Amino acid sequence: MVDAQQPLVQGERSLDRDCTTLSRHVLQQLHSFSADAQDLSAIMGRIGLAAKLIARRLSRAGLMENVLGVTGDINVQGETVKKMDVYANEVFISVFKQSGLVCRLASEEMEQPYYIPENCPIGRYTLLYDPIDGSSNVDININVGSIFAIRQQEGEDDGTASDLLQNGRKQIAAGYVLYGPSTMLVYSMGTGVHAFTLDPSLGEFILSNENIRIPDHGPVYSVNEGNFWQWEESIRDYIRYVHRHEGYTARYSGALVGDIHRILFQGGVFLYPGTVKKPEGKLRLLYETAPLAFLIEQAGGRASAGTQDILDVVPNKLHARSPLIIGSKEDVTLVESFIQERDREQDERLMAAKR
Ligand code: FBP
(Lines give C-alpha, C1' and ligand atoms only; values in the text may rest on other atoms or scores of the structure.)
Protein backbone atom coordinates (compact mmCIF):
# COMPACT_ATOMS: atom_id res chain seq x y z
CA MET A 1 0.00 0.00 0.00
CA VAL A 2 1.66 3.33 -1.15
CA ASP A 3 1.73 5.99 1.64
CA ALA A 4 1.22 9.39 -0.14
CA GLN A 5 2.84 11.26 2.76
CA GLN A 6 6.10 9.34 2.44
CA PRO A 7 8.68 11.22 0.38
CA LEU A 8 8.69 9.93 -3.16
CA VAL A 9 11.60 7.64 -3.93
CA GLN A 10 13.74 8.55 -6.97
CA GLY A 11 11.63 6.49 -9.41
CA GLU A 12 8.35 7.84 -8.07
CA ARG A 13 9.75 11.43 -7.91
CA SER A 14 10.68 11.38 -11.62
CA LEU A 15 7.35 9.69 -12.43
CA ASP A 16 5.49 12.41 -10.52
CA ARG A 17 7.52 15.05 -12.33
CA ASP A 18 6.85 13.35 -15.67
CA CYS A 19 3.17 13.58 -14.88
CA THR A 20 3.29 17.27 -14.05
CA THR A 21 1.97 18.50 -17.37
CA LEU A 22 1.04 22.09 -18.06
CA SER A 23 -2.74 21.65 -17.60
CA ARG A 24 -2.24 19.75 -14.33
CA HIS A 25 0.20 22.39 -13.03
CA VAL A 26 -2.30 25.19 -13.71
CA LEU A 27 -4.89 23.42 -11.53
CA GLN A 28 -2.24 22.96 -8.83
CA GLN A 29 -1.40 26.67 -9.04
CA LEU A 30 -5.05 27.65 -8.72
CA HIS A 31 -5.66 25.16 -5.87
CA SER A 32 -9.06 24.53 -7.39
CA PHE A 33 -11.01 22.28 -9.76
CA SER A 34 -13.67 24.97 -10.28
CA ALA A 35 -15.10 25.66 -13.73
CA ASP A 36 -12.89 28.75 -14.06
CA ALA A 37 -9.81 26.75 -13.04
CA GLN A 38 -10.68 24.02 -15.53
CA ASP A 39 -11.14 26.65 -18.25
CA LEU A 40 -7.75 28.27 -17.55
CA SER A 41 -6.11 24.86 -17.43
CA ALA A 42 -7.70 24.01 -20.79
CA ILE A 43 -6.60 27.36 -22.27
CA MET A 44 -2.99 26.74 -21.21
CA GLY A 45 -3.27 23.21 -22.65
CA ARG A 46 -4.33 24.69 -26.00
CA ILE A 47 -1.47 27.22 -25.94
CA GLY A 48 0.80 24.21 -25.37
CA LEU A 49 -0.72 22.51 -28.43
CA ALA A 50 -0.12 25.63 -30.55
CA ALA A 51 3.50 25.66 -29.38
CA LYS A 52 3.98 21.99 -30.33
CA LEU A 53 2.56 22.57 -33.82
CA ILE A 54 4.79 25.63 -34.37
CA ALA A 55 7.86 23.81 -32.97
CA ARG A 56 7.24 20.87 -35.32
CA ARG A 57 6.99 23.22 -38.33
CA LEU A 58 10.13 25.14 -37.34
CA SER A 59 12.11 21.95 -36.77
CA ARG A 60 11.38 20.76 -40.34
CA ALA A 61 11.14 24.14 -42.11
CA GLY A 62 14.46 23.72 -43.88
CA LEU A 63 13.25 20.49 -45.49
CA MET A 64 9.84 21.76 -46.60
CA GLU A 65 8.72 23.85 -49.57
CA ASN A 66 7.06 27.23 -49.14
CA VAL A 67 7.51 27.45 -45.35
CA LEU A 68 10.30 30.02 -45.03
CA GLY A 69 10.58 33.44 -46.63
CA VAL A 70 8.12 36.32 -46.96
CA THR A 71 4.53 36.42 -48.18
CA GLY A 72 5.00 39.78 -49.91
CA ASP A 73 2.44 41.42 -47.61
CA ILE A 74 3.00 44.24 -45.08
CA ASN A 75 1.24 43.83 -41.71
CA VAL A 76 -0.50 46.41 -39.50
CA GLN A 77 2.95 47.16 -37.97
CA GLY A 78 4.30 48.18 -41.37
CA GLU A 79 6.60 45.12 -41.36
CA THR A 80 7.12 42.53 -44.08
CA VAL A 81 5.18 39.39 -43.20
CA LYS A 82 7.00 36.04 -42.94
CA LYS A 83 5.20 32.85 -44.01
CA MET A 84 5.89 31.47 -40.51
CA ASP A 85 4.13 34.55 -39.01
CA VAL A 86 0.97 33.65 -40.97
CA TYR A 87 1.19 29.93 -40.16
CA ALA A 88 1.76 30.51 -36.45
CA ASN A 89 -1.03 33.10 -36.27
CA GLU A 90 -3.49 30.63 -37.81
CA VAL A 91 -2.34 27.86 -35.47
CA PHE A 92 -3.30 29.93 -32.41
CA ILE A 93 -6.73 30.62 -33.94
CA SER A 94 -7.28 26.96 -34.90
CA VAL A 95 -6.43 25.50 -31.51
CA PHE A 96 -9.16 27.63 -29.89
CA LYS A 97 -11.93 26.88 -32.38
CA GLN A 98 -14.72 24.68 -30.97
CA SER A 99 -13.38 25.24 -27.46
CA GLY A 100 -15.96 27.44 -25.72
CA LEU A 101 -12.93 29.03 -24.04
CA VAL A 102 -11.63 32.09 -25.91
CA CYS A 103 -14.03 34.46 -27.63
CA ARG A 104 -11.44 36.91 -28.98
CA LEU A 105 -7.86 36.64 -30.19
CA ALA A 106 -5.74 39.77 -30.67
CA SER A 107 -2.43 39.34 -32.45
CA GLU A 108 0.54 41.27 -33.83
CA GLU A 109 -0.44 39.92 -37.25
CA MET A 110 -4.10 41.07 -37.24
CA GLU A 111 -5.34 44.68 -37.43
CA GLN A 112 -8.54 43.85 -35.53
CA PRO A 113 -9.26 41.12 -32.95
CA TYR A 114 -10.44 37.79 -34.35
CA TYR A 115 -13.77 36.59 -32.92
CA ILE A 116 -14.65 32.89 -32.64
CA PRO A 117 -18.48 33.18 -32.70
CA GLU A 118 -19.14 29.66 -31.41
CA ASN A 119 -17.11 30.53 -28.30
CA CYS A 120 -18.92 33.79 -27.55
CA PRO A 121 -20.43 34.82 -25.19
CA ILE A 122 -19.67 31.71 -23.04
CA GLY A 123 -15.91 32.14 -23.52
CA ARG A 124 -15.10 35.22 -21.47
CA TYR A 125 -11.38 35.05 -22.11
CA THR A 126 -9.26 36.94 -24.66
CA LEU A 127 -5.88 35.70 -25.87
CA LEU A 128 -3.38 38.38 -26.85
CA TYR A 129 -0.31 37.04 -28.60
CA ASP A 130 2.73 37.55 -30.79
CA PRO A 131 2.74 34.32 -32.81
CA ILE A 132 6.39 34.56 -33.89
CA ASP A 133 8.65 36.85 -31.90
CA GLY A 134 12.04 37.50 -33.49
CA SER A 135 10.78 37.13 -37.06
CA SER A 136 14.14 38.31 -38.42
CA ASN A 137 15.65 35.05 -37.08
CA VAL A 138 13.15 32.63 -38.64
CA ASP A 139 14.76 32.10 -42.06
CA ILE A 140 18.24 31.59 -40.58
CA ASN A 141 17.29 28.98 -37.98
CA ILE A 142 18.11 31.09 -34.91
CA ASN A 143 15.85 30.98 -31.88
CA VAL A 144 12.43 32.60 -32.04
CA GLY A 145 9.49 32.65 -29.65
CA SER A 146 5.78 33.17 -29.12
CA ILE A 147 4.44 35.56 -26.45
CA PHE A 148 0.95 35.33 -24.92
CA ALA A 149 -1.33 36.88 -22.32
CA ILE A 150 -4.83 35.97 -21.13
CA ARG A 151 -7.36 38.64 -20.08
CA GLN A 152 -10.99 38.35 -18.97
CA GLN A 153 -13.54 40.21 -21.09
CA GLU A 154 -15.18 43.07 -19.18
CA GLY A 155 -18.70 44.13 -20.18
CA GLU A 156 -20.17 43.77 -23.65
CA ASP A 157 -17.88 44.12 -26.65
CA ASP A 158 -19.26 46.48 -29.33
CA GLY A 159 -16.75 45.06 -31.78
CA THR A 160 -13.98 47.51 -30.83
CA ALA A 161 -12.62 45.35 -27.96
CA SER A 162 -12.19 48.65 -26.07
CA ASP A 163 -12.09 46.79 -22.74
CA LEU A 164 -8.63 45.55 -23.77
CA LEU A 165 -7.27 49.12 -23.54
CA GLN A 166 -6.42 48.73 -19.85
CA ASN A 167 -3.11 48.39 -18.03
CA GLY A 168 -1.16 45.15 -17.71
CA ARG A 169 -2.37 44.45 -14.17
CA LYS A 170 -5.57 43.21 -15.82
CA GLN A 171 -3.69 40.19 -17.22
CA ILE A 172 -4.61 36.97 -15.41
CA ALA A 173 -1.86 34.91 -16.99
CA ALA A 174 1.07 35.48 -19.34
CA GLY A 175 4.12 33.75 -20.73
CA TYR A 176 6.22 32.84 -23.69
CA VAL A 177 7.40 29.86 -25.70
CA LEU A 178 11.08 29.65 -26.67
CA TYR A 179 11.79 27.62 -29.81
CA GLY A 180 15.45 26.85 -29.13
CA PRO A 181 17.57 23.69 -28.89
CA SER A 182 14.61 22.46 -26.85
CA THR A 183 11.17 24.03 -26.83
CA MET A 184 10.30 25.60 -23.50
CA LEU A 185 7.11 27.26 -22.24
CA VAL A 186 7.44 29.70 -19.35
CA TYR A 187 4.30 31.06 -17.71
CA SER A 188 2.72 32.67 -14.66
CA MET A 189 -0.84 32.78 -13.35
CA GLY A 190 0.19 35.40 -10.80
CA THR A 191 1.57 32.76 -8.43
CA GLY A 192 5.22 32.58 -9.44
CA VAL A 193 6.99 31.74 -12.70
CA HIS A 194 7.35 28.16 -13.93
CA ALA A 195 9.06 26.59 -16.93
CA PHE A 196 8.14 23.50 -18.89
CA THR A 197 10.27 21.63 -21.43
CA LEU A 198 8.68 19.82 -24.37
CA ASP A 199 9.52 16.12 -24.17
CA PRO A 200 9.20 15.07 -27.83
CA SER A 201 9.03 11.39 -26.83
CA LEU A 202 5.90 12.11 -24.79
CA GLY A 203 4.67 15.07 -26.85
CA GLU A 204 4.06 16.77 -23.53
CA PHE A 205 5.36 19.92 -21.84
CA ILE A 206 6.82 18.64 -18.56
CA LEU A 207 7.64 20.81 -15.54
CA SER A 208 11.39 21.57 -15.52
CA ASN A 209 11.78 24.68 -13.32
CA GLU A 210 9.32 25.80 -10.63
CA ASN A 211 9.12 29.18 -8.83
CA ILE A 212 11.94 30.74 -10.87
CA ARG A 213 13.52 33.82 -9.25
CA ILE A 214 15.50 36.32 -11.37
CA PRO A 215 18.81 37.45 -9.78
CA ASP A 216 18.66 41.02 -8.39
CA HIS A 217 21.60 41.96 -10.61
CA GLY A 218 23.30 40.29 -13.60
CA PRO A 219 26.20 40.90 -16.00
CA VAL A 220 24.13 40.89 -19.19
CA TYR A 221 22.97 44.04 -20.96
CA SER A 222 20.93 43.34 -24.10
CA VAL A 223 20.22 46.14 -26.58
CA ASN A 224 20.62 46.87 -30.30
CA GLU A 225 23.56 49.32 -30.09
CA GLY A 226 23.11 49.98 -33.80
CA ASN A 227 20.41 52.47 -32.73
CA PHE A 228 22.81 54.34 -30.38
CA TRP A 229 22.62 57.69 -32.18
CA GLN A 230 18.84 57.61 -32.34
CA TRP A 231 18.47 57.34 -28.54
CA GLU A 232 17.90 60.00 -25.91
CA GLU A 233 21.12 61.13 -24.21
CA SER A 234 20.10 59.37 -20.96
CA ILE A 235 20.18 55.92 -22.60
CA ARG A 236 23.49 56.74 -24.30
CA ASP A 237 24.83 57.70 -20.84
CA TYR A 238 23.82 54.26 -19.49
CA ILE A 239 25.54 52.45 -22.36
CA ARG A 240 28.68 54.59 -21.87
CA TYR A 241 28.52 53.59 -18.17
CA VAL A 242 28.44 49.82 -18.90
CA HIS A 243 31.24 50.26 -21.47
CA ARG A 244 33.40 51.86 -18.79
CA HIS A 245 32.64 49.44 -15.94
CA GLU A 246 33.92 45.89 -15.39
CA GLY A 247 31.50 43.01 -15.09
CA TYR A 248 29.13 43.75 -17.97
CA THR A 249 28.74 41.65 -21.13
CA ALA A 250 26.60 42.34 -24.19
CA ARG A 251 24.15 39.69 -25.47
CA TYR A 252 21.50 40.43 -28.15
CA SER A 253 19.88 37.58 -30.08
CA GLY A 254 17.43 39.55 -32.24
CA ALA A 255 14.56 37.74 -30.49
CA LEU A 256 13.10 39.38 -27.38
CA VAL A 257 11.99 36.00 -25.96
CA GLY A 258 15.50 34.53 -26.23
CA ASP A 259 17.08 37.57 -24.54
CA ILE A 260 14.45 37.63 -21.76
CA HIS A 261 14.90 33.88 -21.16
CA ARG A 262 18.65 34.36 -20.63
CA ILE A 263 18.08 37.29 -18.27
CA LEU A 264 15.38 35.41 -16.31
CA PHE A 265 17.93 32.73 -15.39
CA GLN A 266 21.23 34.70 -15.38
CA GLY A 267 20.14 38.25 -14.49
CA GLY A 268 20.79 41.50 -16.33
CA VAL A 269 18.71 43.95 -18.34
CA PHE A 270 17.12 44.14 -21.80
CA LEU A 271 16.39 47.52 -23.34
CA TYR A 272 14.41 48.57 -26.40
CA PRO A 273 14.31 52.33 -25.82
CA GLY A 274 12.30 54.88 -27.72
CA THR A 275 14.17 56.90 -30.29
CA VAL A 276 14.07 60.65 -30.88
CA LYS A 277 11.91 59.95 -33.96
CA LYS A 278 9.82 57.17 -32.33
CA PRO A 279 9.72 57.92 -28.56
CA GLU A 280 7.26 55.04 -28.04
CA GLY A 281 9.88 52.55 -29.37
CA LYS A 282 9.20 49.42 -31.48
CA LEU A 283 7.75 46.77 -29.17
CA ARG A 284 3.98 46.37 -28.72
CA LEU A 285 2.45 46.78 -25.27
CA LEU A 286 -0.51 44.34 -25.21
CA TYR A 287 1.20 41.26 -26.64
CA GLU A 288 4.94 41.84 -26.13
CA THR A 289 5.97 44.17 -23.29
CA ALA A 290 3.01 43.81 -20.85
CA PRO A 291 3.01 39.95 -20.86
CA LEU A 292 6.79 39.84 -20.26
CA ALA A 293 6.51 42.54 -17.57
CA PHE A 294 3.86 40.41 -15.78
CA LEU A 295 6.22 37.42 -15.89
CA ILE A 296 9.39 39.22 -14.83
CA GLU A 297 7.65 41.02 -11.93
CA GLN A 298 6.34 37.63 -10.78
CA ALA A 299 9.97 36.39 -10.77
CA GLY A 300 11.10 39.31 -8.59
CA GLY A 301 12.38 41.55 -11.40
CA ARG A 302 11.19 44.85 -12.80
CA ALA A 303 9.87 46.22 -16.14
CA SER A 304 9.83 49.94 -16.90
CA ALA A 305 8.86 52.25 -19.75
CA GLY A 306 11.49 54.67 -18.42
CA THR A 307 9.43 56.78 -16.03
CA GLN A 308 6.65 54.32 -15.04
CA ASP A 309 6.21 50.55 -14.65
CA ILE A 310 5.14 48.83 -17.87
CA LEU A 311 2.20 47.22 -15.99
CA ASP A 312 0.80 50.72 -15.28
CA VAL A 313 0.93 51.89 -18.90
CA VAL A 314 -2.56 52.21 -20.42
CA PRO A 315 -2.60 51.53 -24.21
CA ASN A 316 -4.48 54.08 -26.37
CA LYS A 317 -4.93 51.53 -29.19
CA LEU A 318 -4.68 47.77 -29.78
CA HIS A 319 -1.23 47.95 -31.40
CA ALA A 320 0.17 50.62 -29.05
CA ARG A 321 3.96 50.51 -28.54
CA SER A 322 6.07 51.22 -25.45
CA PRO A 323 9.77 51.60 -24.66
CA LEU A 324 11.02 48.66 -22.60
CA ILE A 325 13.63 48.33 -19.85
CA ILE A 326 13.20 44.90 -18.24
CA GLY A 327 15.10 42.42 -16.10
CA SER A 328 16.89 42.38 -12.73
CA LYS A 329 15.50 45.04 -10.40
CA GLU A 330 18.89 46.63 -9.59
CA ASP A 331 19.79 46.92 -13.29
CA VAL A 332 16.41 48.35 -14.35
CA THR A 333 16.60 50.88 -11.49
CA LEU A 334 20.13 51.82 -12.63
CA VAL A 335 18.92 52.57 -16.18
CA GLU A 336 16.02 54.61 -14.77
CA SER A 337 18.47 56.62 -12.65
CA PHE A 338 20.17 57.87 -15.85
CA ILE A 339 16.76 58.94 -17.21
CA GLN A 340 15.88 60.71 -13.93
CA GLU A 341 19.29 62.43 -13.90
CA ARG A 342 18.74 63.81 -17.41
CA ASP A 343 15.18 64.87 -16.59
CA ARG A 344 16.44 66.67 -13.44
CA GLU A 345 19.14 68.49 -15.43
CA GLN A 346 16.53 69.45 -18.03
CA ASP A 347 14.19 70.81 -15.34
CA GLU A 348 17.03 72.84 -13.85
CA ARG A 349 17.88 74.27 -17.27
CA LEU A 350 14.20 75.20 -17.82
CA MET A 351 14.00 76.81 -14.37
CA ALA A 352 17.22 78.77 -15.02
CA ALA A 353 15.85 79.93 -18.39
CA LYS A 354 12.66 81.22 -16.70
CA ARG A 355 14.64 83.25 -14.10
P1 FBP B 1 8.72 40.79 -34.13
O2 FBP B 1 7.71 40.35 -33.15
O3 FBP B 1 8.11 41.35 -35.38
O4 FBP B 1 9.76 39.80 -34.38
O5 FBP B 1 9.49 42.09 -33.50
C6 FBP B 1 10.03 42.07 -32.28
C7 FBP B 1 11.55 41.89 -32.31
O8 FBP B 1 11.95 41.03 -33.33
C9 FBP B 1 12.05 41.39 -30.97
O10 FBP B 1 11.96 40.03 -30.84
C11 FBP B 1 13.49 41.85 -30.97
O12 FBP B 1 13.99 42.06 -29.68
C13 FBP B 1 13.42 43.16 -31.75
O14 FBP B 1 12.19 43.15 -32.49
C15 FBP B 1 14.57 43.28 -32.71
O16 FBP B 1 14.47 44.56 -33.29
P17 FBP B 1 15.75 45.22 -33.99
O18 FBP B 1 16.04 44.38 -35.18
O19 FBP B 1 15.28 46.63 -34.30
O20 FBP B 1 16.85 45.21 -32.98
Side-chain angles (χ1 to χ4, degrees), residues 50-51 54 58 61 68-71 73-92 105-111 127-149 174-180 184 186 220-231 235 239 250-264 268-293 295-296 303-305 310 318-327 335:
I54 295 167
L58 286 167
L68 297 176
V70 295
T71 64
D73 303 330
I74 301 291
N75 66 13
V76 63
Q77 323 290 343
E79 295 162 348
T80 52
V81 178
K82 294 281 172 71
K83 291 174 182 165
M84 269 309 295
D85 291 326
V86 175
Y87 172 78
N89 191 58
E90 282 163 8
V91 162
F92 274 97
L105 293 104
S107 152
E108 178 180 311
E109 299 304 328
M110 301 187 291
E111 184 143 10
L127 184 78
L128 301 111
Y129 63 106
D130 177 0
I132 293 285
D133 167 66
S135 305
S136 61
N137 287 356
V138 161
D139 295 347
I140 47 168
N141 192 31
I142 296 186
N143 73 266
V144 293
S146 298
I147 306 172
F148 61 88
Y176 61 78
V177 182
L178 174 63
Y179 307 103
M184 292 187 75
V186 179
V220 169
Y221 72 100
S222 183
V223 67
N224 182 346
E225 292 201 38
N227 299 333
F228 186 85
W229 293 112
Q230 297 168 44
W231 294 331
I235 301 294
I239 296 299
R251 291 285 183 279
Y252 191 73
S253 73
L256 174 61
V257 163
D259 293 323
I260 293 295
H261 192 73
R262 178 198 303 278
I263 287 167
L264 177 61
V269 64
F270 173 97
L271 303 91
Y272 206 106
T275 57
V276 177
K277 275 205 228 84
K278 282 191 176 170
E280 76 285 0
K282 172 187 181 177
L283 302 175
R284 284 55 59 146
L285 190 63
L286 281 171
Y287 42 78
E288 287 178 321
T289 60
L292 296 174
L295 208 66
I296 291 294
S304 170
I310 289 282
L318 187 61
H319 302 286
R321 300 172 191 254
S322 78
L324 180 65
I325 304 162
I326 187 169
V335 179

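As the structure lists them, so they are numbered: ligands from 1, and atoms in each ligand from 1. FYI, the numbering just counts along the sequence from 1. No experiment lies behind these values; they were computed from the predicted model shown.
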Check: V257 main-chain N/O paired with D133 side-chain donor or acceptor under 3.5 Å: yes
According to ring-ring contact (aromatic ring centres under 6.0 Å, His included), who are the partners of Y221, at least two apart in sequence or on a separate chain? none
Report all protein residues having a heavy-atom distance below 4.0 Å to some atom of ligand 1; order the list by chain, then number. E79, E108, D130, I132, D133, G134, S135, N224, Y252, G254, A255, L256, F270, Y272, K282, L283, R284, E288
Contacts of type salt bridge (charged side-chain N to carboxylate O under 4.0 Å, His left out), residue E79, not counting sequence neighbours: R284
Is there a side-chain contact between L324 and L256, using heavy atoms and a 4.5 Å cut-off? yes
Judged by atom type as modelled, is there a donor-acceptor pair below 3.5 Å linking the side chain of N75 to the main-chain atoms of V81? no
Could you pull out all residues at least two apart from Y287 that satisfy ring-ring contact (aromatic ring centres under 6.0 Å, His included)? H319
